[in-house]
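Heads up: the structure comes next, in structure tokens.
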Amino acid sequence: MSNSYYEFFCPVKVIAGKAALEHIPYELSGLAAKRPMIVTDKGVRAAGLLDPVIAACEESGLEIISIYDDVPPDSSTTVVRDIAAIYRKEKCDSIIAIGGGSAIDTGKAVNILVSEGGDDVAKYTGAGVIKRPLKPFLVVPTTAGTGSEVTSIAVITDEKKGVKLPFTSSYLLPNAAVIDPRMTLTLPPHITAATAMDAMTHAVESFTCMAKNPLSDAYAAAAIKKVSHSLLQVMDNPKDSDGRLELAQASTMAGIAFSNSMVGLVHSLGHATGALCHLPHGLCMSLYLPYVLEYNLETIRGPLGELLLHLEGPEIYAATPASRRAEASISALRKLRDALYKRCQLPRTLKETGKVTEEQLDQIAEMALDDGSIMFNPKEVTLKDARAVLQRAWA
């Protein structure tokens with residue numbers, strides 16, 4: 001599975017640590033930005049997460065011109081247009097997106113409109129449409145999972161047409177990602193678990209998929225080690241800011257990995273299930289991961305076996321015969337999912353979600369085959385194969 005040719009690209013500056021937020025004004029002034037707009041959601045604002053950002057800006061004489069805090073969980077073209085209108089009216093010159101995947105994707109799409117002009121963001125969908133740098137854009141993730149802060153992709157719903165619009169351009173990448181453990185300290189247990197498993201899945205799929213390469217491998221392996229080390233500690237001690245920082249860094253590293261190596265069948269099944277049954281993305285990732293690894297097992301024995309070192313540590317790795325390491329990696333992931341189920345009922349099967357019926361499995365399988373991620377799965381997938389994996393994941 002070695003690639004003789006690959007490309008690796010990650011131009012996002014990462015500002016991380018326990019006082020990372022205080023560096024935002026310095027970063028903006030370096031980009032000649034004086035009138036930032038914050039794009040976020042009600043939950044983030046209610047949790048008081050904007051306060052340290054606003055305080056840091058005021059202290060250095062930078063005025064936050066406008067705060068939009070009404071980003072919905074599934075952001076739409078209408079929301080993007082509304083925010084762009086406020087940005088123009090208030091004469092803002094930069095965007096700080098604070099939140100999970102939806103707030104970050106919204107910030108990316110707003111940046112297209114305010115930089116390129118017009119009201120119709122839909123005409124910029126697809127790849128390679130945006131030809132030049134956009135306005136200064138910083139991202140402050142409040143969940144440790146999606147990795148959106150270092151990916152060149154945004155997905156926004158077109159409500160009138162009822163479709164999800166994909167945007168992809170290296171110009172969508174933020175100027176900086178600000179990783180501060182204060183932003184994830186208040187995450188509820190089930191979201192902490194689901195988002196960390198989202199990062200874990202990004203990393204594991206990145207490490208075992210078709211387009212893996214030595215650089216993406218380094219980021220993926222490090223992310224897996226961090227999640228394995230810190231997730232249960234944080235579940236048992238939610239205020240552990242060192243552990244929170246580890247998970248947040250793991251998410252960013254996994255984001256860098258998969259945006260350079262792509263993902264596979266877990267994502268195809270997850271995207272389809274999310275669209276059809278409205279389950280959170282991280283939950284779908286956690287749910288499908290072991291079943292897909294079992295399906296891919298014979299094709300990925302080598303890399304999956306290597307991951308045992310990062311999942312279980314050197315002693316267990318050394319004590320496990322090389323021929324059994326791939327299976328032991330899957331067992332380690334199952335053990336982690338069981339521990340999460342015990343702590344916050346994060347579902348391990350489709351049945352445990354209570355939101356999926358067995359009748360929907362055929363439709364999920366068909367949708368998954370149309371998903372772009374499936375091209376990078378290390379093993380060919382037919383409709384029958386996808387349906388069989390779903391049956392395993394059912395109960």
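Numbers here simply count residues along the sequence, with the first being 1.
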Report yes if some heavy atom in the side chain of [X] is under 4.5 Å from a heavy atom in the side chain of [Y]; otherwise report no.
{"X": "D362", "Y": "L383", "result": "no"}
{"X": "L283", "Y": "P347", "result": "yes"}
{"X": "D93", "Y": "P136", "result": "no"}
{"X": "L390", "Y": "Y288", "result": "yes"}
{"X": "V121", "Y": "F167", "result": "yes"}
{"X": "I24", "Y": "V140", "result": "yes"}
{"X": "S286", "Y": "M200", "result": "no"}
{"X": "E149", "Y": "V12", "result": "no"}

Quiz item: Do R392's NZ or CZ and the ring of Y291 fall within the cation-pi criteria of under 6.0 Å and 45°?
Solution: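 No cation-pi geometry.
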[X] side, atom [atom1]; [Y] side, atom [atom2] - distance, nearest 0.5 Å:
{"X": "C57", "Y": "I38", "atom1": "SG", "atom2": "CD1", "result": "6.5 Å"}
{"X": "K225", "Y": "S230", "atom1": "NZ", "atom2": "OG", "result": "11.0 Å"}
{"X": "R301", "Y": "S329", "atom1": "CZ", "atom2": "OG", "result": "10.5 Å"}

Self-check item: Member of T184, L231, D240, T143 meeting the side-chain contact (heavy atoms from CB on, under 4.5 Å) criterion with L247
Solution: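 Single side-chain contact (heavy atoms from CB on, under 4.5 Å) partner of L247 among T184, L231, D240, T143: L231.
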Does [X] [atom1] have over 12 foreign heavy atoms under 6.0 Å away?
{"X": "R324", "atom1": "CZ", "answer": "no"}
{"X": "K379", "atom1": "NZ", "answer": "yes"}
{"X": "E358", "atom1": "CD", "answer": "yes"}

Between [X] and [Y], does any side-chain N to carboxylate O distance fall below 4.0 Å?
{"X": "E22", "Y": "R182", "answer": "yes"}
{"X": "D119", "Y": "R81", "answer": "no"}
{"X": "E116", "Y": "K123", "answer": "no"}

Check the side chains of [Y] and [X] for a donor-acceptor pair under 3.5 angstrom, ignoring hydrogens and angles.
{"X": "T192", "Y": "R244", "value": "yes"}
{"X": "N213", "Y": "N260", "value": "no"}
{"X": "Q363", "Y": "E366", "value": "no"}
{"X": "E205", "Y": "H267", "value": "yes"}
{"X": "Y171", "Y": "R132", "value": "no"}
{"X": "D385", "Y": "T382", "value": "yes"}

Are [Y] and [X] connected in a single hydrophobic cluster, I mean Ile/Leu/Val/Met/Phe/Trp/Tyr linked by side-chain heavy atoms less than 4.5 Å apart?
{"X": "L269", "Y": "V266", "result": "yes"}
{"X": "L293", "Y": "I224", "result": "yes"}
{"X": "I95", "Y": "L138", "result": "no"}

Practice problem: For residues C344 and A193, report the shortest heavy-atom separation together with the two atoms involved. | Solution: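 Nearest heavy atoms, C344 then A193: SG-CB, 3.8 Å.
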Quiz item: Would the Y219 and F8 ring centres measure less than 6.0 Å apart?
Solution: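 Yes, the ring centres sit under 6.0 Å apart.
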